[in-house]
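Below is one structure; the comments refer to it alone.
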Amino acid sequence: MKSSRSALLLLLCAAAVVAGARPAFAQIKQMAGGYLMGSFPMGDWGKIAGFGLALDGTDIIRKPQKALAWRVSSGVLYNFSRTEGVPQSNIGANDKLDLETKNWSLLFGLGPEFSKPGPVSPFLYGTVGFDTYWTSSTLSGTVGGSPHSSEHGDSRIAFAWAAGAGVRRQVMPGHMGELSVEYRSGIEHKFILPGDVKTSGTTVYTNRDSRTSDQILVRFGTVLGS
């Protein structure tokens, strides 16, 4: 009998907690966005990486009419193939080498967003998370009169941060269009630059340093919710 009373008391307490939490959950609003993104590589990464396209999904969670929200985003990015020649001053007079680079990335970020609620809603945000790289870099050509081909790619997960700004505009009840611009930086990505390649006779020397991968992302899409 005592155990039955204890079980009943626990059930009543659990029901009270759920009932008390229900109004708080009811006040939380979620907006879900789907986007097409264009990637414009910058810095060292911009010397070898081509223009990129990405698909992105973002959730924005906030209380109604509050400026602060939490933003969770993830996406898949492809940087199109780009070929750059190795400077002739780095290699022999009769040598010729080209570096072709292409890349897949998985992007993830979580952080705060500040906005002005309304039919037209400008916003600012910052996130931290990670980038996963699958980079293919092929060095090919002729060295010392013989064909040369070597791979210098990189696959890794690296910490990444981002900051962005944009505007949302209501296009119909429950639907908003969004245009935003984001600066994103992955802090550790190993790749070679054309200027890092040198030759001596028939030997090729490369230096695959750890660098940041910086890019500007332009995001356009539709957000469900308001």
Side-chain angles (χ1 to χ4, degrees), residues 35-56 73-109 126-165 180-220:
Y35 310 91
L36 178 66
M37 294 195 303
S39 167
F40 300 88
M42 308 287 289
D44 284 341
W45 184 230
K47 296 175 183 178
I48 62 168
F51 171 76
L53 282 177
L55 294 176
D56 176 89
S73 63
S74 59
V76 177
L77 166 70
Y78 178 70
N79 293 101
F80 292 96
S81 175
R82 177 177 168 184
T83 300
E84 293 290 332
V86 173
Q88 199 62 42
S89 59
N90 286 18
I91 57 181
N94 297 318
D95 296 344
K96 178 174 173 51
L97 287 171
D98 292 318
L99 180 66
E100 180 190 16
T101 304
K102 48 194 171 182
N103 176 71
W104 283 95
S105 290
L106 176 65
L107 317 176
F108 175 81
T127 64
V128 294
F130 64 82
D131 290 351
T132 301
Y133 305 108
W134 294 277
T135 305
S136 171
S137 290
T138 304
L139 188 64
S140 60
T142 303
V143 177
S146 300
H148 174 85
S149 181
S150 56
E151 296 293 332
H152 304 273
D154 186 38
S155 298
R156 70 180 56 250
I157 299 176
F159 174 82
W161 65 269
S180 61
V181 179
E182 174 182 309
Y183 180 86
R184 186 175 187 90
S185 180
I187 67 168
E188 185 182 7
H189 187 185
K190 291 188 176 182
F191 54 86
I192 65 171
L193 300 174
D196 295 332
V197 180
K198 294 180 171 36
T199 65
S200 177
T202 59
T203 304
V204 178
Y205 298 95
T206 62
N207 183 21
R208 192 170 67 107
D209 277 345
S210 178
R211 301 177 168 90
T212 61
S213 288
D214 303 317
Q215 57 187 320
I216 299 291
L217 298 173
V218 178
R219 180 186 283 105
F220 177 77

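Because the structure is a prediction, the values reported are computed rather than measured.
- Looking at Val204 and Leu139, their side chains come closer than 4.5 Å, going by heavy atoms from C-beta outward.
- One finds no salt bridge joining Arg82 and Glu100 here, because no Lys/Arg side-chain nitrogen approaches an Asp/Glu carboxylate oxygen to under 4.0 Å.
- Side-chain rings of Phe130 and Phe108 approach one another, their centers coming within less than 6.0 Å.
- Between Thr101 and Ser137, the closest heavy-atom pair is OG1-OG, 3.4 Å.
- Between Ser73 and Asp56, the shortest heavy-atom contact is CB-OD1, 4.0 Å.
- Around CZ of Phe220, the count of heavy atoms belonging to other residues, nucleotides or ligands within 6.0 Å does not exceed 12.
- Considering CD1 of Ile91 and OH of Tyr205, their distance stands at 14.5 Å, rounded to 0.5 Å.
- Judged as a ring pair (Phe, Tyr, Trp, His ring centres under 6.0 Å), and not counting sequence neighbours, the contacts of Tyr133 are His189.
- Pairs engaging residues 190-206 under the salt bridge (charged side-chain N to carboxylate O under 4.0 Å, His left out) rule: Asp196-Arg211 [sequence neighbours left out].
- Looking at heavy atoms from C-beta onward, Leu106 lies out of side-chain contact with Asp131 at the 4.5 angstrom threshold.
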Expected list for residues 40-55: side-chain donor-acceptor pairs under 3.5 angstrom, two or more places apart:
residue : atom : partner : partner atom : Å
Asp44   : OD1  : Lys47   : NZ           : 3.1

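- Applying the ring pair (Phe, Tyr, Trp, His ring centres under 6.0 Å) rule to Tyr183 yields the partners Trp161; only residues at least two apart in sequence or on another chain are considered.
- For Thr83 against Asp98, the heavy-atom pair with the smallest separation is CG2-CB, 3.7 Å.
- A side-chain donor-acceptor contact under 3.5 Å links Ser39 and Gln215.
- The shortest non-hydrogen separation linking Pro194 to Gly85 is CB-O, 3.5 Å.
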key: From CA spacing to verdict: side-chain contact (heavy atoms from CB on, under 4.5 Å), His152, Thr206   = CA-CA 9 Å; His152 304 273; Thr206 62; 3.6 Å; yes
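- No donor-acceptor contact under 3.5 angstrom links the side chains of Ser146 and His148, judged on distance only.
- With contacts defined as side-chain heavy-atom distances shorter than 4.5 Å, the pair Asn103/Ser136 does not qualify.
- No donor-acceptor distance shorter than 3.5 angstrom exists from the side chain of Thr132 to the backbone of Ser105, with no hydrogens or angles considered.
- Among residue pairs with one or both ends in residues 135-155, those qualifying as salt bridge (charged side-chain N to carboxylate O under 4.0 Å, His left out) are Asp154-Arg156, Asp154-Arg208; sequence neighbours excluded.
- Contact detail for Val197 and Leu97: the closest heavy-atom pair is CG1-CD1, 4.0 Å.
- Rounded to the nearest 0.5 Å, atoms CD1 (Ile187) and CG (Asp214) are 11.0 Å apart.
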task = Mind running side-chain contact (heavy atoms from CB on, under 4.5 Å) on Arg184 and Leu107 for me, showing each step along the way?
result = CA-CA 10 Å; Arg184 186 175 187 90; Leu107 317 176; 4.0 Å; yes
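- Atom CG of Asn207 sits about 9.0 Å away from atom CD1 of Ile192, to the nearest 0.5 Å.
- Heavy atoms only, all atoms of each residue included: Asp95 and Gly201 are closest at OD2-O, 4.3 Å.
- Considering only residues two or more places apart in sequence or on other chains, Trp134 meets the ring pair (Phe, Tyr, Trp, His ring centres under 6.0 Å) condition with none of them.
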